[in-house]
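To keep things clear, I will list the structure first and then write my remarks on it.
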Amino acid sequence: MSSEYAAAMRLAEEIAREAGELILRGEQDRSGERPLVESTKSSPTDVVTAMDRAVEDLLRARLAAARPGDAVLGEEAGGQAGRTGYTWVLDPIDGTVNYLYRIPAYAVSVALVTGDPTVPGAWQPVAACVHQPATGATWTAAQGEGAYLGERRLRLGPVPELSQALVATGFGYRKQRRTGQARVLTGVLPQIRDIRRIGSAALDLCGVATGTVDAYYERGVNVWDIAAAALVLAEAGGSLRGLRGAPAGPEMVVAAGDPLLDDLVDLLTDLDADQDPAAE
Ligand code: IPD
Ligand code: CA
């Protein structure tokens with residue numbers, strides 16, 4: 001591998017691993033206490049820990065040193081303009097609630113994208129790393145260069161039919177959104193093998209790429225949740241999209257290999273899974 005995107009991928013991996021070490025050191029130092037919650041966002045259960053901020057600060061500092069001209073968009077500290085046409089899209093801890101409860105399913109997600117990451121369908125990931133500190137699992141991908149879990153090249157195998165599919169999903173933090181997601185779930189569950197709620201959209205998508213789940217859908221995810229793992233999945237041979245011809249985005253993300261993806265999109269469209277119930 002020698003492309004510019006492969007070099008960006010190696011940088012993404014280096015800083016995601018360094019971030020992972022920071023998280024694990026914090027865990028050792030805390031001797032059994034819950035991580036510190038500093039504030040909340042969309043609801044009282046949508047928390048920001050001191051570690052979310054510390055990790056994003058570290059990633060931003062490393063990127064400012066290595067690629068000072070690039071823009072950055074991070075979950076906790078927002079956007080910072082650049083001049084190269086490239087943007088680093090960062091989720092310092094995807095799966096913050098798992099991190100809070102010491103469930104290992106949380107990840108550092110680092111992606112380099114072209115285009116405008118704030119507009120669904122207007123951005124394209126070109127280099128990516130999703131690193132799971134608690135297990136050491138590390139997914140990497142560069143556009144046109146394949147996707148890897150550690151050293152292992154990922155290639156999607158044959159996909160099952162919908163009735164046999166193990167499908168990951170997630171739920172938002174606000175009550176109204178969740179009410180709609182619960183309704184959709186009652187329509188999805190009888191049509192599939194089973195559901196998994198792993199708690200990190202990045203790991204859900206990497207799970208589809210790796211074959212530990214067959215598909216993933218969720219309404220309400222942000223670009224930093226999916227940017228890196230979208231490239232891992234695409235380079236493994238899967239894809240993501242929204243409903244009714246829309247690109248994957250906050251309205252809806254559906255991910256799988258074909259033809260399962262089509263069948264799940266059809267089911268979710270019939271269930272109006274991209275709609276919220278009327279406010280109470
Ligand atoms: C959340 C996780 C979760 C998903 C939520 C996301 P966060 O990200 O990816 O699995 O269901 O929609 O907001 O808050 O842990 O960074
Ligand atoms: Ca996230």
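Just follow the structure's listing: the first ligand is 1, and inside any ligand the first atom is 1.
- In the hydrophobic clustering of ILVMFWY residues, with side-chain heavy atoms under 4.5 Å counting as a link, V184 and I192 come out together.
- With hydrogens and angles ignored, the 3.5 Å screen pairs no side-chain donor or acceptor of S42 with any backbone N or O of Y173.
- Residue Y173 touches ligand 1 through its side chain alone, judged by heavy-atom distances below 4.0 Å.
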Tell me, with the steps shown, if V48 and E76 meet side-chain contact (heavy atoms from CB on, under 4.5 Å). CA-CA 8 Å; V48 182; E76 311 305 343; 3.6 Å; yes
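- We find that E13 and R17 are joined by a salt bridge, their nearest charged nitrogen and carboxylate oxygen being less than 4.0 Å apart.
- Nearest-heavy-atom check against atom 10 (O) of ligand 1 across G170, A107, S109, G199 picks out G199.
- Side chains of R53 and S39: a donor-acceptor N/O pair is present below 3.5 angstrom, by distance only.
- Protein heavy atom nearest atom 5 (C) of ligand 1, with residue, atom name and distance: E218 OE2, 3.3 Å.
- At a heavy-atom distance under 4.0 Å, atoms from both the backbone and the side chain of A201 approach ligand 1.
- A donor-acceptor contact under 3.5 angstrom links the side chains of T96 and D52, judged on distance only.
- Atoms of ligand 1 found under 4.0 Å from any heavy atom of R197 (numbered from 1 in listed order, with element): 3 (C), 4 (C), 10 (O), 11 (O).
- Checked by distance only, ligand 1 and V221 stay at 3.5 Å or farther apart across all their nitrogen or oxygen atoms.
- Restricting D94 to its N/O/S atoms, the shortest distance to the Ca ion (ligand 2) is reached by OD1.
- When heavy-atom distances to ligand 1 are checked against a 4.0 Å cut-off, Q181 has no atom that comes that close, whether in backbone or side chain.
- Numbered from 1 in the order shown, with element, the atoms of ligand 1 that lie under 4.0 Å from a heavy atom of D225 read 8 (O).
- For the pairing with W224, the side-chain contact (heavy atoms from CB on, under 4.5 Å) check across D94, V110, D91 returns one residue only, D91.
- Counting the atoms of ligand 1 from 1 in the order shown, those under 4.0 Å from a heavy atom of D91 are 16 (O).
- For the ligand labelled ligand 1, residue G172 lies outside the 4.0 Å heavy-atom shell.
- Every atom of ligand 1 is numbered from 1 in the order shown, and the set under 4.0 Å from a heavy atom of T96 is 15 (O), 16 (O).
- Y101 and Y106 fall into different hydrophobic clusters, where Ile, Leu, Val, Met, Phe, Trp and Tyr are joined by side-chain heavy atoms under 4.5 Å apart, directly or via other members.
- Within the set D94, L100, D52, V48, the minimum heavy-atom distance to atom 1 (C) of ligand 1 is found for D94.
- Side chains of D70 and W88: a donor on one and an acceptor on the other come within 3.5 Å.
- Looking from atom 16 (O) of ligand 1 to the surrounding protein, the closest heavy atom is E75 OE1, 3.1 Å.
- Taking a cutoff of 4.0 Å between a charged side-chain nitrogen and a carboxylate oxygen, R219 and D276 qualify as a salt bridge.
- Of all the heavy atoms of I93, the ones lying under 4.0 Å from any atom of ligand 1 belong exclusively to the backbone.
- With respect to the Ca ion (ligand 2), D91 has OD2 as its nearest N, O or S atom.
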